[in-house]
Amino acid sequence: MKKGIYLKYLRTLFLYIALITLSIAFIMPFLWMVTTSLKSGEDEIFSYPP
Amino acid sequence: MFPKKLNFDNYKRVLELFPWLTFLKNSAIITFLSTVGIVFSSSLAAFAFATLRFKARDKLFLLVISTMMIPYYTTLIPQYILFSKIGWIDTLKPLWVPAFFGSAYFIFLLRQFFKSIPRELFEAAKIDGCNTFQIFYKIYFPLAKPAIITVIILQFIAAWGDFFGPLIYLQSEEKYTLVLGLNAFRGMYYTSWHYLMAATCMVTIPSLIVFLIGQKRIIGGITITGMKS
């Protein structure tokens with residue numbers, strides 16, 4: 001019984017990790033757009049390391 | 001990744017550089033008229049396919065649906081030639097008039113919804129003396145509100161964010177839409193990324209608001225129309 005609940009939680013945890021990882025691919029360009037719009041100029045936009 | 005200091009001057013500068021009002025007016029005209037056109041034409045066609053009985057109805061519906069498989073880019077050149085022959089190049093018309101001739105995707109979406117409405121309502125209205133058009137706008141159209149709202153939201157987002165259509169058909173700057181106007185920040189040798197991104201953020205706001213307001217409706221509307229056949 002306890003093992004079943006444990007597995008259920010584990011499955012949910014993995015699902016969330018997978019969803020968060022996938023969502024990064026969609027959020028990153030949007031985040032880049034917003035942060036770049038608040039930067040001062042080319043030097044700050046193309047600075048390395050970012 | 002994150003700025004050292006938040007520089008909101010980019011937004012102020014963009015507002016000075018960009019002829020916002022002209023572009024906004026053009027975007028609003030195209031978005032509004034194409035949304036009205038899509039709702040009007042697609043709902044009428046969907047109603048006919050869902051409720052009326054006529055010869056070769058299903059074959060005709062299949063034909064309409066099959067147009068979804070033709071990529072937009074393959075019909076682009078003939079469409080351009082057609083519009084240039086009737087003198088519509090460099091006007092807003094090619095961007096909203098076709099919406100009044102329906103969209104296969106929305107016809108399908110609305111047909112599925114109309115099919116879920118009990119046929120008894122159609123027959124009861126007919127007995128009460130309604131003609132076919134009255135049945136449509138007095139009974140079916142109000143009942144299909146969730147699906148209609150989904151269509152409005154999807155079309156708004158598509159028309160507002162369209163870059164390719166305006167790029168092909170519009171030439172003079174006073175006809176540009178907001179999204180096409182963003183291109184002005186891109187130069188041949190130099191791009192002002194901070195201004196371009198500030199302008200993009202501002203242009204995205206209406207779509208974002210519409211999406212956030214209608215988020216539940218979009219998902220709900222598509223789920224409803226997908227579930228019932």
Side-chain angles (χ1 to χ4, degrees), chain A, chain B residues 1-18 20 23-24 27 154 157-158 160-163 178-215 218-219 222:
Chain A
M1 184 70 184
K2 250 186 176 178
K3 205 181 167 186
I5 296 166
Y6 212 69
L7 269 172
K8 198 182 152 194
Y9 277 119
L10 209 66
R11 201 178 301 150
T12 314
L13 182 77
F14 276 116
L15 182 72
Y16 272 79
I17 290 169
L19 286 174
I20 289 165
T21 314
L22 278 172
S23 69
I24 289 171
F26 297 92
I27 291 169
M28 278 306 279
F30 191 77
L31 193 69
W32 191 84
M33 178 180 85
V34 176
T35 54
T36 306
S37 75
L38 297 167
K39 285 179 181 175
S40 297
E42 295 293 299
D43 297 339
E44 205 181 344
I45 295 165
F46 296 112
S47 66
Y48 190 82
Chain B
M1 179 84 195
F2 295 98
K4 285 169 198 136
K5 199 183 126 213
L6 298 182
N7 187 3
F8 288 99
D9 282 349
N10 292 340
Y11 287 87
K12 214 175 119 189
R13 186 90 185 97
V14 160
L15 284 173
E16 290 162 7
L17 287 169
F18 216 47
W20 280 96
F23 294 169
L24 183 71
S27 281
L154 291 176
I157 293 170
W160 187 266
D162 185 25
F163 176 75
L178 276 172
V179 175
L180 190 61
L182 291 177
N183 216 19
F185 290 101
R186 281 184 64 235
M188 193 182 279
Y189 303 108
Y190 178 78
T191 301
S192 315
W193 288 105
H194 47 310
Y195 292 147
L196 177 61
M197 289 303 130
T200 311
C201 279
M202 287 196 270
V203 170
T204 319
I205 290 168
S207 288
L208 217 62
I209 292 170
V210 168
F211 179 76
L212 290 174
I213 293 169
Q215 196 181 13
I218 297 175
I219 298 159
I222 293 170

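Because the structure is predicted, anything quoted here is derived from the model rather than measured. Side chains included, hydrogens not; waters and symmetry mates left out as well; all remaining heavy atoms used. Naming convention: chains lettered A, B, ... in sequence-line order (proteins, then strands); numbering from 1 in each chain.
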Residue part contacting chain A, namely of B:Tyr11, when any heavy atom lies under 4.5 Å: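 The side chain, not the backbone.
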
Residue B:Thr191 versus chain A: region with a heavy atom under 4.5 Å: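 Answer is backbone: N, CA, C or O of B:Thr191 sit under 4.5 Å from chain A.
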
Polar side chain donor-acceptor pair, B:Asn183 to B:Arg186, under 3.5 angstrom: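 Per modelled atom types, B:Asn183 and B:Arg186 side chains form a pair under 3.5 Å.
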
Output field: ring centroids B:Phe18/B:Tyr195 closer than 6.0 Å: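 Between B:Phe18 and B:Tyr195, the centre distance exceeds or equals 6.0 Å.
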
Interatomic spacing from CG in A:Leu15 to CD1 in A:Ile20 - rounded to 0.5 Å: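 The CG atom of A:Leu15 sits 9.5 Å away from the CD1 atom of A:Ile20.
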
Largest heavy-atom contact set with chain B, pairs under 4.5 Å, which of A:Leu31, A:Thr35, A:Leu38: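 Most heavy-atom pairs under 4.5 Å with chain B: A:Leu38.
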
Residue pair A:Ser37 / B:Asn10: nearest heavy atoms and the distance that separates them: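 Residues A:Ser37 and B:Asn10, closest heavy atoms: O-ND2, 2.8 Å.
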
